[in-house]
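What follows is a short report on a single structure.
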Amino acid sequence: MGNHFLVTTAIPEPGLQLLSDAGRVTVLPEPPDYGTLAGLCASGDFDVVLTQLRDVVDAPLLAGARVKGVSNYAVGYNNIDVDAATRHGILIGNTPGVLTDATADIAMLLILGTARRVVEADRLVRDGKFLGWEPELLLGRDVSGAVLGLAGFGRIARATARRALGFGMDVIFSPRPPGDRPVSDEELGEFAGKVRQVPWTELVESSDFLSLHVPLNEQTRHLVDARVLARMKPDAILINTARGPVVDEAALVGALRTGVIAGAGLDVFEDEPRLAAGLAELPNTVLLPHVGSATVRVRSEMARLSALNAIAIAEGLTPPHAVNQPIPA
Ligand SMILES: NC(=O)C1=CN([C@@H]2O[C@H](COP(=O)(O)OP(=O)(O)OC[C@H]3O[C@@H](n4cnc5c(N)ncnc54)[C@H](O)[C@@H]3O)[C@@H](O)[C@H]2O)C=CC1
Ligand SMILES: O=CC(=O)O
């Protein structure tokens, strides 16, 4: 019969071509709701399902699924219950690395955009309110010399550190907040002597810009809540390119409204695509629609990796980027 791939949302080339070369491909015309996806996975018609980060692949779905694997078109896999997949012998693949620089670019863009009030400035020009150069028009703050605190010190955090050092920022990090383990100079590599590891509480209290780069899981859900926001500097800015639920968004709106912190640059939201009440009205925010990896080249590379993962799984091989290692039945 050959391989049969289910693709929940069309992906760019060369993804679909690679899959077509390796078997039959069914691309759904629109993102499936949970029941539809669960039904298709349970049908026994498909070897591998290629999912988006919007697709919820939870324990009940996996318990009924008759697929060899799930290839996620994303590096983050918080939409999938990996432990349940492992228990059911279902392989999970993801797309690390190819999107690191693009996402770090967006983190840096949010740092610069919030510091220099880019949304307010753009709106002023479009509204016909730019009446000529003025000494005190839209004064922002310096990025050079400011302290950038990185929560997490993986691929995207490191790429953000590289950019921030180029902008003359002081970079500190906490590798696995809220717990910490010392990172050796060997692990720091190119960053040895250039960035400093600090405990999570110091990261929160000392950062001018606090940028989140941790995966979403039970330890990091609401890592930044009202208590953490209250410990930040009143002129600090929160940057989130990780996952929305890492921040308690309602608490963030409260903190921004009352001046507990000064601003926020967000690429991700707690209940995407919905925003917490009041967030869109706040001038001291830059809000992006989850575009961290959105370049033509990166999305094409992600398509290639996710297709290669899916094909390997269908053929009974270990995918190039496996998230889990199920014990064979
Ligand atoms: N905005 C966007 O479009 C994008 C968002 N992302 C998000 O960024 C996240 C980070 O991506 P990478 O840097 O490639 O991942 P990575 O795995 O290289 O880095 C994650 C870092 O978080 C640390 N960490 C802290 N607390 C942790 C915990 N409780 N459990 C596990 N790790 C913990 C890890 O030690 C590691 O240093 C992804 O998981 C994803 O959610 C990734 C790509 C694009
Ligand atoms: O948010 C995007 C991802 O690849 O993870």
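All values below come from the heavy atoms of this structure, side chains included, with hydrogens, waters and symmetry mates left out. From a predicted model like this one, the values you see are computed outputs, not experimental measurements. Indexing begins at 1, ligand by ligand and atom by atom, following the structure's order.
- The neighbour count for F5 CZ, taken as heavy atoms of other residues, nucleotides or ligands under 6.0 Å away, is above 12.
- How far CZ of F209 is from CD1 of I111: 6.5 Å, rounded to the nearest 0.5 Å.
- In summary, the atoms of ligand 2 found under 4.0 Å from a heavy atom of L53, numbered by their order in the structure, are 1 (O), 2 (C).
- Judged by distance alone, the side chain of T100 and the main-chain N or O of I156 form no donor-acceptor pair under 3.5 Å.
- Close approach of ligand 1 to P215 is summarised as follows: ligand atoms under 4.0 Å from at least one heavy atom of the residue are 20 (C), 22 (O), 24 (N), 31 (C), 32 (N), 33 (C), 39 (O).
- In summary, the atoms of ligand 2 found under 4.0 Å from a heavy atom of R243, numbered by their order in the structure, are 1 (O), 2 (C), 3 (C), 5 (O).
- Paired with L288 under the rule side-chain contact (heavy atoms from CB on, under 4.5 Å), one option of L110, L266, T241, V268 passes, and it is L110.
- Ligand 1 lies out of reach of L216, whose nearest heavy atom is not under 4.0 Å from it.
- Between G154 and ligand 1, an N or O atom pair is found at a separation short of 3.5 Å.
- Here's the thing with A74: none of its N/O atoms is less than 3.5 angstrom from an N/O atom of ligand 2.
- Taking any N or O of T220, backbone or side chain, none lies under 3.5 Å from an N or O belonging to ligand 1.
- If you take CG on L28 and CG on L40, they are separated by 6.0 Å, rounding to the nearest 0.5 Å.
- Those atoms of ligand 2 that come under 4.0 Å of a heavy atom in L99, given as number and element, are 4 (O).
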